[in-house]
Protein chains: 2
Amino acid sequence: MDTPNRHLADTLRNLRRQRQWSLDAAAARTGVSKAMLGQIERGESSPTVATLWKIAGGFETSLSSLLVPTPPACSEPEVRRAADLRRSPAEGEMLVAPLFPFDERLGFEVFELTLPAGYVRRSAPHEPGVTEHVLVVAGCMAVCIGDRWHALAPSEAIRFAADQPHGYRNDGDSPAVFHNLIHYPRQWGRAD
Amino acid sequence: MDTPNRHLADTLRNLRRQRQWSLDAAAARTGVSKAMLGQIERGESSPTVATLWKIAGGFETSLSSLLVPTPPACSEPEVRRAADLRRSPAEGEMLVAPLFPFDERLGFEVFELTLPAGYVRRSAPHEPGVTEHVLVVAGCMAVCIGDRWHALAPSEAIRFAADQPHGYRNDGDSPAVFHNLIHYPRQWGRAD
DNA sequence: ATCAGTCGTGCGCTAAAACGCACAAGGGCC
DNA sequence: GGCCCTTGTGCGTTTTAGCGCACGACTGAT
C-alpha cells in the first residue's frame with residue numbers, strides 16, 4: 001500500500017511549485033539532494049523519517065501535512081433548526097439536543113443539554129485525552145470534576161479533562177441549559 | 001536532528017509493551033520484521049514512510065501519533081467567571097467576551113458575543129480552512145455567509161466555512177447573545 | 001544558463017535466519 | 001526433600017544478504 005507516498009508526492013510537488021522553487025533551491029533549503037526530491041515527487045521513492053523531517057523543516061511545514069491529506073473544510077453551511085433539536089425526553093429527565101455531531105476534521109461534537117430543576121447526573125470517565133467544555137446558557141448549575149463541585153452562573157464556562165468521573169447538577173428552580181462541547185484527541189492518518 | 005526518530009522509538013516501544021505484544025506478534029500484525037521493529041524501538045533505524053505506514057496499520061494507530069508528541073490534555077479545570085468576561089464595550093457596540101482563548105491542543109477558541117438590538121456587523125474572511133460556529137443563546141439574529149442571510153432563533157446553531165466574507169445581525173428588539181466557536185486547521189509536527 | 005530527469009555508487013534500511021539469554025519444566029541422583 | 005544438569009520455549013538482539021534510498025555527477029531539453 002503506497003497511499004501515503006502518493007499523497008506525499010503530490011503535496012510535495014504542489015508545495016514546491018507553489019513557492020516557485022526549483023529542485024536545486026528546494027535541495028539547498030532542505031539539505032536533501034535534488035535527485036531524491038525528484039524521485040519522491042514522482043512517487044518513486046519512500047523517504048525515511050529522517051529525510052522527511054529535513055524536508056518538512058526546509059519547507060517550514062508540518063510532518064503531518066506531508067503524510068495525511070488535510071481534510072477539506074465544510075463548504076456548505078450546516079444549520080441546526082429547533083425542529084431538529086427537540087429530542088423527546090422522559091419527563092423529569094435530562095434533554096439532550098445534538099447541535100453538531102462529531103466531525104473527524106474538527107475533532108469535537110457539541111450538544112445542548114437541559115437539566116430539570118434539581119436534576120443531578122454523574123457521568124463515567126471518557127477516553128484519556130478527552131476535554132469537555134460546559135458553557136452555561138441559562139440557569140444556575142454546578143459541574144463536578146473528580147470530587148469537587150464548581151458552581152456556574154449563566155455566561156460562565158468551565159473546561160476540564162473528562163477522563164475522570166464527572167457530573168452535572170441543576171441548583172436552581174428553573175431548568176438549566178448549557179452547551180456541552182466535547183473534544184476528542186485527534187487520530188490522523190489511520191492506516192485502515 | 002533525530003527528534004522524530006527518538007519519539008518514534010519511545011512511543012513504539014510503549015505502545016507494544018502496553019498491548020503486551022512480543023516483537024514476533026508485532027511483526028505478524030504489521031508485516032514488518034521483528035528485527036526492524038527492534039532497531040526502530042532502539043532508535044537505531046529511521047524507517048521509511050512505507051514501513052511506518054505498515055506499522056501504524058498493524059498497531060491501528062495514526063501516522064501522526066508515531067511522529068509528533070501528542071500534547072497532553074489540560075489537567076486543571078479552567079473556569080471562566082462572569083467577572084473575567086465583561087469586556088467594557090463602547091455603548092451600542094458589540095460586546096466580545098472571550099470564554100476560552102485559542103488552544104494549540106484543541107485547535108479552536110470560543111467567544112460569547114452580544115449584539116445590541118439592530119446591530120449589524122460584517123467580518124473579513126479568515127484564513128482558508130477556518131470553520132466558524134454560531135450557537136444562539138438568546139435573541140433573534142441572522143448570520144450572513146457569502147451573500148445569503150440565515151435567520152436563527154435561540155437554541156439554533158449554524159456551522160460554516162469562515163474563509164469568506166460573513167457577518168452577524170440582530171433582528172430583534174433585545175440584545176442577541178451567541179457563542180462563537182472558531183476552529184483553525186491544525187498544524188502538527190512543525191520541524192523548526 | 002537553468003531546470004528536470006537519469007546514471008552510477010555507497011550507505012542504510014529491511015527481512016530471514018542464527019544467536020544469546022532468561023526462565024520454567026522436567027529427570028536423574030544423592 | 002534438595003541439588004544439578006539438561007531440554008525446551010519464548011523473547012530480544014545480532015548477523016548476513018540484498019534491495020532501495022540517497023547523493024553527486026552527468027545528460028538533455030527549453
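Here the structure is a predicted model, which means the values were calculated and not measured. Throughout, a chain's letter reflects where its sequence line sits, starting with A, and its residues are numbered from 1.
Ring geometry for A:Tyr168 against A:Phe178 counts as tilted: the plane angle lies between 30° and 60°, on a 0 to 90° scale.
Rounded to whole Å, atom C1' of C:dT2 lies 15 Å from atom CD of A:Gln20.
Heavy atoms only, all atoms of each residue included: B:Ala161 and B:Gln164 are closest at O-NE2, 2.9 Å.
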Check your understanding: How would nucleotides 8-23 of chain D be written as a contact map, 5' to 3', with B for base contact, S for sugar-phosphate-only contact and - for no contact, using protein heavy atoms under 4.0 Å?
Key -> ---SBBB------SBB
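No donor-acceptor pair closer than 3.5 Å links the side chain of B:Asp103 to the backbone N or O of B:Gly107. Checking side-chain atoms of B:Arg19 against main-chain N and O of B:Phe59 turns up a donor-acceptor pair under 3.5 Å.
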What side-chain donor-acceptor pairs closer than 3.5 Å can you find for residues 23-36 of chain B, not counting sequence neighbours?
residue: B:Asp24; atom: OD2; partner: B:Lys34; partner atom: NZ; Å: 3.2
residue: B:Thr30; atom: OG1; partner: B:Ala26; partner atom: O; Å: 2.8
residue: B:Thr30; atom: OG1; partner: B:Val32; partner atom: N; Å: 3.2
residue: B:Ser33; atom: OG; partner: B:Met36; partner atom: N; Å: 3.2

